[in-house]
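Order of the sequence lines sets the chain letters (A, B, ...), proteins ahead of strands, with each chain counted from 1.
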There are 2 protein chains.
Amino acid sequence: MTIAQAIRDGIAARIRSGELKPGHRLPVEHEMVAAYGCSRATVSKAMASLAAAGLIERRRKAGSFVARPHLEQAVLAVPDIARIVGERGEVYGWRLAERRAAKATDLADDDPHPGARLFVAGTHLAGGAPFAIERRLIALDAVPGVEEADFEREAPGSWLLARIPWSEARHRIDAVAASRADAMALGIASGAPCLRIERWTWRGASPVTHVVQVFPGDRYSLVARFGPSD
Amino acid sequence: MTIAQAIRDGIAARIRSGELKPGHRLPVEHEMVAAYGCSRATVSKAMASLAAAGLIERRRKAGSFVARPHLEQAVLAVPDIARIVGERGEVYGWRLAERRAAKATDLADDDPHPGARLFVAGTHLAGGAPFAIERRLIALDAVPGVEEADFEREAPGSWLLARIPWSEARHRIDAVAASRADAMALGIASGAPCLRIERWTWRGASPVTHVVQVFPGDRYSLVARFGPSD
DNA sequence: AAGTGGTCTAGACCACATA
DNA sequence: ATGTGGTCTAGACCACTTC
């Protein structure tokens, strides 16, 4: 364990235990240098880490203070479906249902970035049974070579993940009732509750892909954990 | 903009643009010191930040490499319901439905930490109409004073948030069909799809609270964003 | 005006993974 | 055995904010 980690964990523990209450002022850095017998850079690193984790707030000239607790965000595991299925110990599969040229507005009306898209729809399979369905638009200009890709064999998500350098994403998570068509594809009752995940991905300012995935509510849960960072 | 930020952003931009492809080896730190004309600590800080963001991977003796893109996690906004309602421009309210002594297993069977609990159930209101229902267990030993709290006036979530020093949390997000009772409380049809959020909160090793919140699927979506850090 | 955190330098030692 | 990243020191200057 590094010195910076030890300092951070010690203070974090005193905050979590309630010994240091919200609003409490922590010693200034030079006092902590004396108390811990290390350099100021090390103290500073520990304090910066606490601030990044939201445990403390730091203000110049004023000092460092224990923050009010807040639970406003958590790290969400975003489904890489092939991996999820593999971790369940089932065999992953993909079945292409449709592939055609499309426009940006075919999946949603609010896409401000026009341009040619490829529409791909299909079903993710776990142990041969439907696990999730997916409808996806891929921007042709952002993804060279996509028109030659073989989406009969490989799901477009993993194909893209291996080729697009980096991305920014926005997710929207909903509960919806399965439409007739979706229920058929998933082998569930029409109207059954489903978890719907919609994801927009960009590369810089240009959209790369926009996907809607629908999971039967009884077959998949998202799990997120939030705790002391590191 | 600091030197470390400038170095980080420059490399991040080259990775996102595709100029630096996954697997590409970046210069070693002492070369970057020469290239940027700064100290090694500054280069190291920039590279550590890139590694924390998942853009690069660093291995001792081997060097630093552009990482394969991955979108496995995102920062999830966890509902602080009063705030959500306020941001929608509606008036928040809370209606207590039930309050009684309970056991840890009353909400789920798998709580390994026995002990006395307080059970609280009620409805969150937006503009007077039901917005979400909540069922909650609160551990008496972890939350002194909870037996005297007035949950007629204040929702237990915000009451707890203002008093519990810090917490670790686990979330589970599901799509479920509204039960008869939940549908009545929410003013929706029985069986309608709902987003169900379950959260366990700890303080150190001891559980603090365990809550199930149910939102009508058409009234609330979770939104997550994932992008370049900072 | 003074004190605080934010950042940087130049140098050092070490653990570790690879060659 | 060697080179890499990981961490730390001691000191410095600066920007900002409150006093």
Practice item. Nearest-nucleotide wise, let me know which of Val28(B) and Lys45(A) is further upstream toward the 5' end of DNA chain D. Key: Val28(B)
Point to revise | For Tyr220(B), ring pair (Phe, Tyr, Trp, His ring centres under 6.0 Å) partners two or more places apart | key: Phe215(B)
**Study point:** Protein-nucleotide distance (Ile7(B), atom CD1; dT9(C), atom P), rounded to Å
**Key:** 8 Å
Review point. Between dG11(D) and Ser39(A), is there an OP1 or OP2 to side-chain N/O distance shorter than 4.0 Å?
Key: no
Practice item. Go through dT18(C), dT9(D), dT7(C) for me and flag the one nearest to the Ile3(A) side chain. Key: dT9(D)
Exercise for review: Would you kindly give the CD-to-P distance between Glu29(A) and dA10(D), to the nearest whole Å?
Suggested key: 16 Å
Check your understanding: Is there a donor on the side chain of Lys61(B) or the base of dT2(D) sitting less than 3.5 Å from an acceptor on the other?
Key -> yes
**Study point:** Out of dC8(C), dT18(C), dT4(D), whichever nucleotide has its closest atom nearest the side chain of Arg59(B)
**Key:** dT18(C)
Under 3.5 Å between N/O atoms: give me all the protein pairs with nucleotides 12-15 of chain C, atom names plus distance.
unit_1: dA12(C); atom_1: N6; unit_2: Arg40(B); atom_2: NH1; d: 3.1

Check your understanding: Taking atom C1' of dC16(C) as reference, at what distance in whole Å does atom CD of Glu57(B) sit?
Key -> 17 Å
Check your understanding: In whole angstroms, how far is the C1' atom of dG6(C) from the CE atom of Met1(B)?
Key -> 15 Å
**Study point:** Between dG5(C) (P) and Phe65(A) (CZ): distance, integer Å
**Key:** 9 Å
Point to revise | Atom-pair distance (OH on Tyr36(A); P on dA10(D)), nearest Å | key: 18 Å
**Study point:** Side-chain ion pair, Arg58(B) and Glu29(B), N-O less than 4.0 Å
**Key:** yes
Check your understanding: When you check the phosphate oxygens OP1 and OP2 of dG5(C), does a side-chain N or O of Ser64(A) lie under 4.0 Å from one of them?
Key -> yes
Practice item. Give a yes or no on this: more than 12 heavy atoms of other residues, nucleotides or ligands lie within 6.0 Å of atom CZ of Arg95(B). Key: no
Practice item. Give one of base, sugar-phosphate or nothing for Ala4(A), where a contact means two heavy atoms less than 4.0 Å apart. Key: sugar-phosphate
Review point. Who pairs with His24(B) by side-chain contact (heavy atoms from CB on, under 4.5 Å), at least two apart in sequence or on another chain?
Key: Leu20(B), Leu26(B), Val66(B)
Review point. Should the pair Glu147(B)-Arg99(B) be classified as a salt bridge under the 4.0 Å nitrogen-to-oxygen rule?
Key: no
Practice item. Search all heavy atoms of Ser49(A) against all heavy atoms of Arg8(A) and return the closest pair with its distance. Key: OG-CD, 2.8 Å
Exercise for review: Between dT7(C), dT9(C), dT4(C), spot the one nearest the side chain of Thr42(B), thanks.
Suggested key: dT9(C)
Exercise for review: Would you kindly give the CD-to-C1' distance between Gln5(B) and dC8(C), to the nearest whole Å?
Suggested key: 13 Å
Exercise for review: Rounded to the nearest angstrom, tell me the gap between atom NE2 in His30(A) and atom C1' in dT9(D).
Suggested key: 18 Å
Practice item. Would you please say whether a donor-acceptor pair under 3.5 Å links the side chains of Glu134(A) and His124(A)? Key: yes
Review point. Given dG6(C), is OP1 or OP2 found less than 4.0 Å from the side-chain N or O atoms of Arg58(A)?
Key: yes
